[in-house]
Every structure is written in C-alpha cells, then in structure tokens.
Amino acid sequence: MELSSVAIEGVGLCGDSTRVGDRAFRSLVQLTLDILLKKKSDDCLANDEDIISVDNASLKQGYAGLVSLILEAVKMDSDLSTISSMLEDCKWATDRIEYFFKCFQDCKPEMEALLSRFDLFAVLLLKLTPEIRCLDSLPLRDYRKRSCGKLSYLFCIYIYIRTGSSFPHIVDVDWRLDYYIKNNQMEKVNKPMYLITLKTEESGKPQGKDVQFSCSMEQLQDLVGKLKDACKSIERAAVN
C-alpha cells in the first residue's frame, strides 16, 4: 500500500493525540467513512462537537490523509497486517489502529461497491493529467498545488463518490490559431499560439461547459501524443 508524502503527513497527524484527541479521532474516522459513503456531507466536520476542538488546518490535513488511506486500502484490498504496518510507521497507538480497522472493515463492502462504479474514463484522464488542478471545488484547497499522481488518483475517486457521476465527456473540439507579436510588456514574441475549446456534456445537465486553454505547437503535439497513447491503451485493454 502506497501513499503520497502529503497523505502520510495527514495520516500521521491523526495519530498524534496532542493534535487530535481520542474523541475527536473516533468522530473523524466515522465521519470520513460516512462522507465517502455519501451518508453525510463534509459540512458535518465543521459542526461535530467532538471535532470542534481540532484546529482547522489540522482537520483539513488529517481528513485528507484519512480519505487517501481508506481509498487506497479498499483499492488494494489491504488486510489488518498491511494497514497496521502503515499506521505504526505513522506513530499511531494500538487502540487507534484497532478502532480504525474495525470501522474500515464494517464499511468496506459498501466502499467496494461504490468504487466498482468508478468510470474508466476518469482513470484515463488521470493518466493524461497526473496533477489535478480542479481541487478548488473541494474543502481541501491547501492541497491543490501539492497533489501528486497517487493522491490525484485517489481524489478523483473521492470526487466521483461525492458527486455520484463521472467527469463530463468531450463531444467536440474547436480550435483557432493566433499569432502573438508582442506580450503585455510590449516585448516581441513572434510565435503561434493555439486556442483550444473542448465542448463537453454531462449526464443530468441540460448544457455542457466549454473548457478553453491556449498552448504552443509543442504543447499541442505533446497532448496529441498522449491522447494517441491513451487510445492504444484502451485498444490493448479491449483485446485482453
């Protein structure tokens, strides 16, 4: 079982009794599982009487770490030995490890059912863009610039579970070639830039959103190359 350094920091914080007391710890574990299972919204974290004693920064970091730990443990079908080893490295006390594992085991079947519905397109998208830059929509804004491939993968699953839907699907692409002569500082640039518009649609919404970005010729060629690699991966998966 592998977690990013950011996630490990959050998990370690949850095991620190000086930062997260015993009652706050138990509430945080249970509420995190309830949020992932869509039984509660993440607003409950700010309103829980036991958690209110934890400072906001520690709560965000600990919550993010628990989310990553739970999703990774479900994905890897981790047993008590594997989870205990991870948590012992994060300096968790034995009673906290036992409590977490009991709660995790109770919710594991439901979590597996949710993850089995995870859209393959989202996984493909993550392979093309290892860093998620849309985490501003989450309460964990502090992590939007620090997320790595592993954490991004887990957060995409988290987004999917919370929203109950996959990412919008691209249905069309518009492009325009512009030639930039000078920049805002009136310095000469003299290079072509492409303006790309992705037309999307999303289930349950009457109108999709346009996603726009600009890129140089080299960046566009790199994107096209990655898309071709993705198509080949899907073809290989279909054959197997």
Side-chain angles (χ1 to χ4, degrees), residues 1-76 78 83-104 107 111 114-115 122 126 129-163:
M1 189 166 68
E2 297 180 9
L3 294 178
S4 70
S5 59
V6 175
I8 290 175
E9 287 179 13
V11 173
L13 190 150
C14 290
D16 186 351
S17 59
T18 62
R19 305 280 293 279
V20 180
D22 290 338
R23 291 181 60 182
F25 168 79
R26 293 188 179 92
S27 293
L28 181 57
V29 169
Q30 192 58 63
L31 289 177
T32 301
L33 289 165
D34 287 343
I35 291 169
L36 289 173
L37 291 172
K38 300 175 67 175
K39 295 179 179 179
K40 295 182 179 180
S41 71
D42 52 13
D43 293 336
C44 66
L45 293 172
N47 302 321
D48 186 84
E49 293 182 356
D50 294 328
I51 295 178
I52 199 169
S53 60
V54 182
D55 69 88
N56 195 44
S58 297
L59 178 59
K60 287 182 179 181
Q61 189 173 3
Y63 174 58
L66 281 179
V67 168
S68 298
L69 172 65
I70 292 166
L71 294 176
E72 178 72 1
V74 174
K75 183 170 72 75
M76 300 302 296
S78 301
I83 293 175
S84 295
S85 177
M86 167 72 71
L87 296 180
E88 285 171 0
D89 290 342
C90 292
K91 310 301 182 184
W92 278 35
T94 302
D95 59 331
R96 293 199 175 194
I97 294 175
E98 292 175 349
Y99 179 82
F100 172 82
F101 188 75
K102 181 182 181 301
C103 295
F104 172 74
C107 297
M111 198 73 68
L114 278 175
L115 293 187
L126 283 167
T129 55
E131 294 183 357
I132 297 179
R133 292 176 174 82
C134 61
L135 293 184
D136 243 353
S137 60
L138 298 175
L140 309 171
R141 296 181 179 85
D142 294 344
Y143 302 99
R144 64 182 180 274
K145 293 183 180 179
R146 299 177 63 188
S147 60
C148 63
K150 173 66 71 173
L151 189 58
S152 297
Y153 175 81
L154 296 174
F155 265 116
C156 260
I157 300 176
Y158 174 49
I159 293 167
Y160 176 72
I161 290 172
R162 284 183 55 187
T163 61

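All values reported here derive from a predicted model rather than from experimental measurement. The figures that follow rest on heavy atoms only: side chains count, while hydrogens, waters and symmetry mates do not.
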For the residue pair Phe100 and Phe104, does the interplanar ring angle fall in the parallel (under 30°), tilted (30 to 60°) or perpendicular (over 60°) class?
parallel
For the atom pair CD1 (Ile52) and CG (Leu45), what is the distance rounded to the nearest 0.5 Å?
12.0 Å
Sequence neighbours excluded - ring-ring contact (aromatic ring centres under 6.0 Å, His included) pairs with any residue from residues 29-62:
none
Any chance you could measure Ile97, atom CD1, to Met86, atom CE, to the nearest 0.5 Å?
11.5 Å
Compare every heavy atom of Ile51 with every heavy atom of Ala24, then report the nearest pair and how far apart it is.
O-CG1, 4.0 Å
Looking only at heavy atoms, what is the nearest atom pair of Asp50 and Ser27, with distance?
OD2-OG, 3.0 Å
Residues in side chain to side chain donor-acceptor pair (under 3.5 Å) contact with Arg19, at least two apart in sequence or another chain
Ser58
Does anything in residues 19-40 pair up under ring-ring contact (aromatic ring centres under 6.0 Å, His included), and if so which pairs, sequence neighbours excluded?
Phe25-Trp92
Just verifying a value: how many Å separate Leu13 CG and Thr18 OG1, rounded to the nearest 0.5 Å?
8.5 Å
Shortest non-hydrogen separation from Ser68 to Leu3 and the atoms involved:
O-CD2, 3.7 Å
Asp22: salt bridge (charged side-chain N to carboxylate O under 4.0 Å, His left out) partners, not counting sequence neighbours:
Arg96
Given side chains that start at C-beta, do those of Leu59 and Leu28 come closer than 4.5 Å, heavy atoms only?
yes
For the CG atom of Asp89 and the CD1 atom of Ile8, what is their distance to the nearest 0.5 Å?
8.5 Å
Starting at CG of Leu33, measure out to NZ of Lys40 and round the result to the nearest 0.5 Å.
11.0 Å
With Lys39, which residues qualify under salt bridge (charged side-chain N to carboxylate O under 4.0 Å, His left out), at least two apart?
Glu110
What closest approach, in Å, do Ile35 and Cys44 show between heavy atoms, and which atom pair accounts for it?
CD1-SG, 4.0 Å
SG on Cys107 to CD1 on Ile70, rounded to 0.5 Å:
8.0 Å
Which ring-ring contact (aromatic ring centres under 6.0 Å, His included) pairs, counting each pair once, include a residue from residues 40-62, with sequence neighbours left out?
none
